[in-house]
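Notes follow once the structure below has been shown.
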There are 2 protein chains.
Amino acid sequence: MAERPPDQRDTQPSSPRRAPTMADVARRAGVSAMTVSRALKGKGTVTPPTQDRILKAVQELGYVLDKSAGALSSKQTGFVSVLIPSLNNSNFSDTVQGISEVLDTEAMQVLIGTTGYSREREEAVIETMLQRRPEGIIVTGGKHTPRARTLLGQAGIPVIETWDMPAAPIDHVVGFSNAATIEDLLARLMFRGYRRIAFIEGEHGEDTRGHDRRAGYERAVEALGLERSCVISVGRPPITIEHGGGAVVRLVETWPEVEAVICVSDLSAFGAIMECHRRGWAVPERLAVAGFGDFEVSRFCWPSITTVSVGSRDLGRQAGRLMLEAITAMRTGTPLAPRRLNIPHTVIERDSTAVHRHPAATHQVA
Amino acid sequence: MAERPPDQRDTQPSSPRRAPTMADVARRAGVSAMTVSRALKGKGTVTPPTQDRILKAVQELGYVLDKSAGALSSKQTGFVSVLIPSLNNSNFSDTVQGISEVLDTEAMQVLIGTTGYSREREEAVIETMLQRRPEGIIVTGGKHTPRARTLLGQAGIPVIETWDMPAAPIDHVVGFSNAATIEDLLARLMFRGYRRIAFIEGEHGEDTRGHDRRAGYERAVEALGLERSCVISVGRPPITIEHGGGAVVRLVETWPEVEAVICVSDLSAFGAIMECHRRGWAVPERLAVAGFGDFEVSRFCWPSITTVSVGSRDLGRQAGRLMLEAITAMRTGTPLAPRRLNIPHTVIERDSTAVHRHPAATHQVA
DNA sequence: CTGTTAGCGCTTTCAC
DNA sequence: GTGAAAGCGCTAACAG
């Protein structure tokens with residue numbers, strides 16, 4: 001590291017080992033710093049020969065623009081903060097990728113922060129992020145500590161809440177109702193003939209999206225007049241593949257007549273199915289399994305897993321686009337009125353729930 | 001958004017809707033900006049009552065420190081850039097998490113950039129990153145464009161290459177030989193009695209780590225005197241679950257006598273196994289399958305998948321620790337001499353290769 | 001099209 | 001323990 005370019009010396013002699021600044025470039029190109037700034041921005045207001053001289057000087061000196069300085073002076077940092085529970089969940093990393101794709105086009109840079117599914121951590125991360133003066137902030141979920149809400153509200157920048165549909169949003173929303181997705185999924189299972197349908201979730205902690213999905217389950221069980229509800233809670237969120245395996249065993253012990261189970265996410269559904277294989281419980285014949293999130297694993301699992309897709313990546317793109325619009329509006333001095341984008345979800349029926357049961361038929365439990 | 005705190009007015013009247021600065025806090029607390037700066041840093045050089053007055057003023061004004069400004073003046077941005085091929089691969093996101101865990105303790109913030117497995121993209125991302133003046137940069141892999149190497153070399157900051165063991169490192173290395181991991185894995189399979197062992201990879205593109213693993217495979221086949229090598233190349237990296245399924249079918253068509261296959265990553269191994277289930281090919285009886293990376297899915301898959309673990313998260317922690325040390329050294333003015341940490345790998349044998357074949361035994365191919 | 005003059009908000013450095 | 005002055009590297013705003 002720290003090799004220096006061979007011709008590091010300035011036009012002026014001396015100049016030790018410090019990184020070249022715009023002034024150095026200007027001097028070498030025989031123009032003012034301001035012209036260098038313009039040339040580097042590509043705003044066509046610089047004459048081609050001058051432009052060339054400047055780029056040559058940049059080249060020779062190995063100059064790299066300092067955006068921290070630029071940000072201070074222009075009051076535009078070019079940062080957008082994105083907070084997600086965990087990087088290690090492809091639903092969220094897909095969303096981040098969708099956001100980045102869109103922001104990249106406008107040379108905005110994403111600052112990623114992870115909250116570990118904890119509201120307290122989220123509050124702390126928000127505080128850290130705000131010190132970087134992002135021009136906008138995208139958070140996951142619609143539940144936050146009071147102080148977090150205050151911080152976001154006072155920041156004077158556009159805020160987007162995602163992956164949820166809060167009743168009282170802070171600013172903009174790009175999300176969906178987690179409860180509604182599960183209601184629809186459960187309705188599909190019922191349509192397929194399943195009647196004894198359970199739910200696997202994490203112990204109630206901070207995963208409010210999981211909590212909402214469970215609420216959707218209970219509501220749907222009641223609305224559809226299903227037999228009774230059975231909820232298995234295992235582990236603290238995030239619920240992993242391993243939890244799914246443990247939960248399905250407990251489920252079958254607890255409620256042997258169970259015909260189908262909805263898992264709070266595809267990962268636990270996958271774990272449940274693998275455990276069923278191990279124990280020789282045929283999926284979906286003995287037990288149908290469905291998940292949430294349309295993870296890649298679900299499409300290629302054997303059997304493929306019925307799930308709900310919300311298009312994580314595209315959700316990110318939409319949030320990115322809205323953020324861009326909001327930031328532009330902000331720069332113009334006319335903040336965008338709070339917007340609420342409801343992202344449609346799709347129930348994807350696959351092999352893991354492919355057996356059609358009929359309410360009239362009697363069936364043996366293995 | 002953009003609600004203002006109720007008591008936004010300064011001690012001085014006027015002052016419209018602009019965010020409060022340190023000077024505002026200073027005025028309200030009746031001290032100088034410098035004292036506010038000290039108080040906020042927690043450097044004990046401020047008298048308790050003064051400290052309290054300042055914190056109270058911060059509170060009342062809703063003041064948030066501006067690190068961009070601080071960075072400009074102190075020349076310490078508190079950023080470390082981390083470049084990975086993709087967020088959507090838990091090996092890499094685990095590494096990032098390990099890095100973050102360590103850097104968080106010193107209030108350093110990670111700037112994540114993704115390169116999409118492309119060296120050209122990497123070069124571009126490096127350029128963007130350097131404009132933010134990170135105090136260190138961690139990249140994935142040991143192969144870069146010449147310009148990328150130059151940029152990193154000239155940046156005057158510590159550089160760490162990970163997930164590889166380059167012959168000519170730029171600066172520090174925290175990695176391992178991809179080839180060696182596969183050599184060991186193949187040796188274990190041979191020890192178990194497998195003789196006809198194939199390799200599934202992506203078409204040769206930019207995934208140099210995948211390429212190295214394949215090289216390890218070929219070398220080991222030769223060194224161990226195995227029957228012959230068979231490499232199936234499918235899709236452009238990153239190789240997904242889906243590719244694994246397609247590849248295993250082609251493999252069995254191409255080389256029906258095959259007994260075992262090593263996949264370039266656990267994801268393709270998983271895809272291969274699921275496809276085997278679909279076709280009724282017993283794993284490991286008909287075909288043993290091994291992967292690389294010790295993804296979560298492998299531990300809970302049925303059958304569980306034999307793989308190589310390099311401890312992605314811990315690798316990240318080690319890189320983080322080294323980076324911290326290097327940055328501290330840099331700030332002191334005594335750059336750390338290039339270091340090369342070789343991360344040990346472990347072959348984890350699981351059910352997907354659990355059948356012991358014996359070279360003497362004749363066996364039917366299904 | 002280009003240059004000049006002021007800062008951006010903070011921290012360094014040196015006094016007191 | 002606290003303050004005053006200076007300036008980090010860049011760009012806004014104006015002048016020419």
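All values derive from a computational prediction rather than experimental measurement. Below, read A as the first sequence line, B as the second, and so on, with proteins coming before strands; counting in each chain starts at 1.
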- request: Rounded off to whole Å, could you give me the CZ-to-P distance for the B:R27 and D:dT2 pair?
  value: 19 Å

statement: Separation between CE (A:M108) and CD1 (A:I327), nearest 0.5 Å, reads 3.5 Å

- request: Enter the distance from B:Q154:CD to A:Y63:OH here, rounded to the nearest 0.5 Å.
  value: 14.5 Å

- request: Report the C-alpha separation of A:D24 and A:R18 in whole Å, then their side-chain angles, then the decisive distance to 0.1 Å, and conclude whether the salt bridge (charged side-chain N to carboxylate O under 4.0 Å, His left out) test is met.
  value: CA-CA 11 Å; A:D24 297 324; A:R18 85 181 205 308; 2.8 Å; yes

Donor on one side chain, acceptor on other, A:S32 and A:T35, under 3.5 Å: yes

task: For the residue pair A:S86 and A:N88, confirm or rule out a side-chain donor-acceptor distance under 3.5 Å.
output: no

- prompt: Just how large is the angle between the end axes of the helix from C:dC1-D:dG16 to C:dC16-D:dG1, five pairs per end, to 10 degrees?
  reply: 20°

field: Under 4.0 Å protein heavy-atom contacts per nucleotide of nucleotides 9-16 of chain C, with B for base, S for backbone only and - for none
entry: BBBBBB--

message: When you measure from the side-chain N and O atoms of B:T45 to the phosphate of D:dT2, is any distance below 4.0 Å, counting only OP1 and OP2?
response: no

message: Using salt bridge (charged side-chain N to carboxylate O under 4.0 Å, His left out), reason through B:E60 and B:K56 one step at a time and then give a plain yes or no.
response: CA-CA 6 Å; B:E60 292 166 346; B:K56 186 156 154 286; 3.3 Å; yes

task: Have a look at B:T35 and say if it touches a base, only the backbone sugar-phosphate, or nothing, with a 4.0 Å heavy-atom cut-off.
output: sugar-phosphate

- prompt: CZ of B:R132 versus P of D:dG9: gap in Å, rounded?
  reply: 17 Å

query: Only one of A:V96, A:V110, A:L111, A:L87 clears side chain to side chain contact (heavy atoms under 4.5 Å, CB included) with B:I112; which?
result: A:L87

message: Using salt bridge (charged side-chain N to carboxylate O under 4.0 Å, His left out), reason through A:E325 and A:R321 one step at a time and then give a plain yes or no.
response: CA-CA 6 Å; A:E325 198 181 339; A:R321 265 182 242 120; over 6 Å; no

